[in-house]
Amino acid sequence: MADEHPTVGTNFIRQIVLADQASGKQDGRVTTRFPPEPNGHLHLGHAKAICLDFGIAREFGGTCNLRLDDTNPGKEDPAFVEGIKDSVRWLGFEWNELRHASDYFEVFYRAALKLIEDGKAYVDDLNAEEVRDYRGTLTEPGRDSPYRNRTVEENLDLFKRMRAGEFADGSRTLRAKIDMASGNINLRDPALYRIRKITHQNAGDAWPIYPMYDFAHSLSDALEGITHSFCTLEFEDHRPLYDWCVDNVDLPNHPELWQPLIERGLRTAPSKPRQIEFARGNLSYTVMSKRKLATLVNDRLVDGWDDPRMPTLAGARRRGFTAAAIRTFWERAGVSKQNSVIDYGVLEACVREDLDARAPRRMAVLDPLKLTITNLPATHMETLVFPNHPKDESFGTREVPLSRDLLIEHEDFAEVPPKGFKRLVPGGEVRLRGIGIVKCDEAIKDAAGTVIELRCTLDPDSRHGTPGADRKVKGTIHWVSARHAIEAEVRLYDRLFDVADPDDETDGKTWLDHVNPDSRRSAPAYLEPSLRNAAPEQHFQFERIGYFVADRHDHTREAPVFNRAVNLRDAWSPSVR
RNA sequence: UGGGGCGUAGCCAAGCGGUAAGGCACCGGGUUUUGAUCCCGGCAUUCGCAGGUUCGAAUCCUGCCGCCCCAGCCA
């Protein structure tokens with residue numbers, strides 16, 4: 001992937017890392033991590049974080065770990081882990097080490113003990129409701145818990161008993177002793193540990209207590225030697241707590257805390273990581289929240305997590321979007337601290353750009369109209385050779401059979417053409433791609449008056465490859481030999497929502513009211529025979545129609561299935577609409 | 001009435017005291033056997049607003065205005 005799109009532009013994160021490396025901070029080392037919680041599928045928004053985390057590491061000669069943030073058993077499921085790994089690899093990245101926050105449970109526990117011994121954490125007996133009450137509000141300071149000043153000995157005893165499973169869920173917590181009057185609510189003695197007697201997906205029943213995000217995440221970063229820890233804007237006011245945990249536990253100077261890791265063979269070299277926040281990536285015409293995505297799947301509004309209309313990475317892949325396109329999309333979108341919504345069109349442009357360069361061309365007819373070349377014998381059979389790419393000879397050529405009876409796109413003929421129409425009209429001429437110029441002598445209609453066949457004559461002097469082929473005609477249309485065409489299912493996808501911002505309910509409608517009913521259409525199609533050899537996930541441009549991909553799961557040689565990733569830019573149809 | 005952020009074109013986004021990059025979109029024009037691609041050109045006298053400092057301000061200062069996030073024993 002040191003490929004296609006050179007790094008362009010800059011952003012504040014690159015500048016920070018560049019400056020840190022230049023000044024020799026952390027010995028000039030750059031280590032990052034991508035820390036998803038294994039409780040769902042990765043989507044395009046995660047791709048931004050993945051590109052940033054892995055991209056910065058690669059750009060600065062460092063490494064990036066994949067860390068599964070599994071600190072909340074019950075909400076998480078190891079089943080998601082494979083999907084996450086798969087998506088990260090598909091996007092083109094490889095992690096240095098695969099870790100789990102649960103790998104560090106023993107270290108977290110020892111770190112908590114240390115904080116207690118240092119008088120910086122205490123066991124609180126207040127229940128959830130009472131804690132909320134003591135916390136104060138945004139504008140009023142909180143009050144100290146009556147348990148805040150227990151002795152170190154009592155706290156140690158209580159915490160060890162919490163760990164031993166002596167207390168009921170929710171009956172106690174371990175809290176950091178910071179400042180109940182802080183304007184930053186995250187500093188009002190935040191919980192470090194809660195009691196949760198649930199089997200953990202990796203740790204089993206070893207722990208009746210589980211660490212909270214701020215405590216686990218900051219220490220995990222430090223343990224992995226992370227230098228730059230990127231996260232989204234909402235964690236900005238958690239940074240003081242992140243730093244508090246890192247500084248007060250002081251892993252580098254307390255190797256006894258992480259000795260268990262060394263014994264297990266987990267490379268550990270604690271650092272003083274720096275958290276840097278950036279704006280999460282939002283896309284227009286879609287929803288990205290885990291809850292809404294789950295609703296779409298559960299309510300059967302889509303056909304699963306990898307439905308080609310879903311903004312999940314599995315969905316984008318099946319849709320035919322390429323990893324390279326998604327990478328350049330996020331590079332192009334930039335990284336800043338401004339909440340924003342990027343136009344879906346930018347993503348489509350990236351997909352077209354990538355596929356224009358790498359998708360071989362083919363011809364396919366979606367809505368067939370019979371076209372007979374009357375001056376060719378009924379038995380005529382000829383093999384034409386077509387280049388696979390108009391600008392890149394390395395794509396080679398393919399053979400395309402030509403016979404007297406062809407199929408063309410119904411919309412490429414008009415009895416009464418709209419102004420500017422450049423295709424076939426009664427008595428008019430058009431070029432049949434790679435064949436020559438044909439003239440429409442007669443349009444045959446059925447009883448209902450629908451045109452069912454065009455009878456045309458081919459100008460032999462305009463045949464492709466002859467000097468006469470230079471003759472100018474207004475339009476060129478694609479075709480397929482009726483007798484040789486293979487039938488296939490073509491799935492035409494469009495944006496899942498009919499408004500740019502489905503989450504906006506000021507129009508009195510909910511996001512569900514904006515699901516686009518025409519976002520998926522399935523139709524039979526007639527393809528040139530060379531497409532019989534298409535392999536799943538292989539991309540093609542069906543000339544004049546769009547970019548397609550052989551469906552990853554349903555496509556077979558016997559029953560071909562192609563998904564439209566994106567249509568071609570069309571300077572014509574918008575004007576007639 | 002607390003704390004933390006952010007305001008540059010329709011959507012993103014560079015810019016870091018020396019006179020507004022780039023992309024998408026849009027509008028022209030050229031090439032073209034895909035109404036595609038490609039190529040050229042256009043698209044902010046102005047950076048949320050108002051003052052101030054300066055020879056010079058999107059960049060510095062002050063004051064307003066607007067938007068986002070925070071009161072889980074979620075992450």
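Chain identifiers are assigned alphabetically (A, B, ...) following the order of the sequence lines, protein sequences preceding nucleic acid strands; residue numbering begins at 1 within each chain.
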List the steps, then state whether ring pair (Phe, Tyr, Trp, His ring centres under 6.0 Å) holds for A:His217 with A:Tyr213.
CA-CA 6 Å; A:His217 191 260; A:Tyr213 166 82; 4.8 Å; yes

Test log, rule ring pair (Phe, Tyr, Trp, His ring centres under 6.0 Å), inputs A:Phe562 and A:Phe542:
CA-CA 10 Å; A:Phe562 289 90; A:Phe542 287 174; 5.5 Å; yes

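If you check every strand for non-hydrogen atoms under 4.0 Å, A:Arg239 touches nothing. When heavy atoms are screened at a 4.0 angstrom cut-off, A:Gly420 is found touching base atoms of the nucleic acid. Counting non-hydrogen atoms under 4.0 angstrom, A:Pro141 reaches nothing in the nucleic acid. Among the protein residues, A:Lys472 comes within range of the sugar-phosphate backbone only, with heavy atoms under 4.0 Å from sugar or phosphate atoms but none that close to a base. When heavy atoms are screened at a 4.0 angstrom cut-off, A:Ala128 is found touching base atoms of the nucleic acid. Using a 4.0 Å heavy-atom criterion, one finds that A:Arg431 contacts the bases of the nucleic acid, with or without backbone contacts as well. Counting any heavy atom pair closer than 4.0 Å across all strands shown, A:Ala469 reaches a base atom. Heavy atoms of A:His217 sit nowhere under 4.0 angstrom from any nucleic acid atom. Residue A:Met363 is classed as having no contact, given no heavy-atom separation below 4.0 Å to the nucleic acid. Within 4.0 Å (heavy atoms only), A:Phe215 reaches no atom of the nucleic acid at all. Residue contacts shown for A:Arg196 are limited to sugar-phosphate atoms, with no base heavy atom under 4.0 Å away. Using a 4.0 Å heavy-atom criterion, one finds that A:Gly170 contacts the bases of the nucleic acid, with or without backbone contacts as well. Here A:Phe235 lies in heavy-atom contact (under 4.0 Å) with a base. Here A:Thr71 lies in heavy-atom contact (under 4.0 Å) with sugar-phosphate atoms only.
In this model, no donor atom of one side chain and acceptor atom of the other lie less than 3.5 Å apart for A:Asp144 and A:Tyr134.
Between the side chain of A:His478 and the base of B:rU34 there is no donor-acceptor pair of N/O atoms closer than 3.5 Å. Side-chain atoms of A:Glu140 and base atoms of B:rU1 include no donor and acceptor less than 3.5 Å apart. A:Asp570 contributes no side-chain N or O that forms a donor-acceptor pair with the base of B:rG35 under 3.5 Å.
Note on A:Arg569: every side-chain N or O is 4.0 Å or more away from OP1 and OP2 of B:rU34. A sub-4.0 Å separation between OP1 or OP2 of B:rG35 and a side-chain N or O of A:Arg544 is present. Considering only side-chain N and O atoms, A:Arg352 lies nowhere under 4.0 angstrom from the phosphate OP1 or OP2 of B:rC24.
Relative orientation of the A:His389 and A:Phe395 rings is tilted, given thresholds of 30° and 60° on the angle between their planes.
Remark: A:Arg194 CZ to A:Thr71 OG1 distance equals 5.5 Å, nearest 0.5 Å.
Residue ring and nucleobase are stacked for A:Trp572 and B:rG35, with a centre distance beneath 5.5 angstrom and an angle between planes beneath 30°.
On the P atoms, B:rC68 is 43 Å away from B:rG29, given to the nearest whole Å. Between B:rC16 and B:rA50, the distance separating the two P atoms is 24 Å to the nearest Å. Comparing the C1' positions of B:rG48 and B:rG56 gives an interatomic distance of 23 Å, to the nearest angstrom. Across B:rA75 and B:rG42, the matching C1' atoms stand 48 Å from one another, rounded to whole Å. The separation of B:rG22 from B:rC65, taken at their C1' atoms, amounts to 30 Å, rounded to a whole angstrom. Across the P atoms, B:rC43 and B:rU1 are found 44 Å apart, a figure rounded to whole Å. Taking atom P in both B:rU8 and B:rU59, the straight-line distance is 13 Å, to the nearest Å. One C1' atom belongs to B:rC73, the other to B:rC67, and the distance between them is 32 Å to the nearest Å.
Here the side chain of A:Asn155 pairs a donor or acceptor atom with the backbone of A:Val123 at under 3.5 angstrom.
Taking each heavy atom of A:Thr476 and A:Val430 in turn, the nearest pair found is N-CG2, 4.2 Å.
One interatomic measurement links the two molecules: CZ of A:Phe278 to P of B:rC69, which rounds to 17 Å at whole-angstrom precision. Regarding A:Phe329, its CZ atom lies at a distance of 16 Å from the C1' atom of B:rG22, rounded to whole Å. For the pair A:Arg280 CZ and B:rC68 C1', the interatomic distance rounds to 12 Å; values are reported in whole Å. Straight-line distance from the CG atom of A:Asn72 to the P atom of B:rC73: 12 Å, rounded to whole Å. The distance from atom CG of A:Asp461 to atom P of B:rU33 is 18 Å, rounded to the nearest whole Å. Atom pair A:Tyr213:OH and B:rC74:C1' shows a separation of 11 Å (rounding to whole Å applied). Rounded to whole Å, atom P of B:rA71 lies 11 Å from atom CD of A:Glu234. The nearest whole Å value for the distance from the CG atom in A:Asp189 to the P atom in B:rC73 is 12 Å.
Cation-pi geometry between A:Arg172 and A:Phe167 is met: the NZ or CZ atom falls under 6.0 Å from the ring centre, inside 45° of the normal.
Electrostatic pairing of A:Asp124 and A:Arg150 does not count as a salt bridge here, judged by no charged N lying under 4.0 Å from a carboxylate O. Look at A:Asp189 and A:Arg148 and you find a salt bridge, because one of the NZ, NE, NH1 or NH2 atoms lies within 4.0 Å of a carboxylate O, short of that distance.
Taking syn as a glycosidic angle within 90° of 0, B:rG63 does not qualify and is anti.
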Each nucleotide in nucleotides 11-16 of chain B should get exactly one letter: B, S or -. Can you fill that in based on protein heavy atoms under 4.0 Å?
SSSSSB

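In this structure, A:Leu126 and A:Arg433 both approach RNA chain B, and ranking their closest nucleotides by distance from the 5' end singles out A:Arg433.
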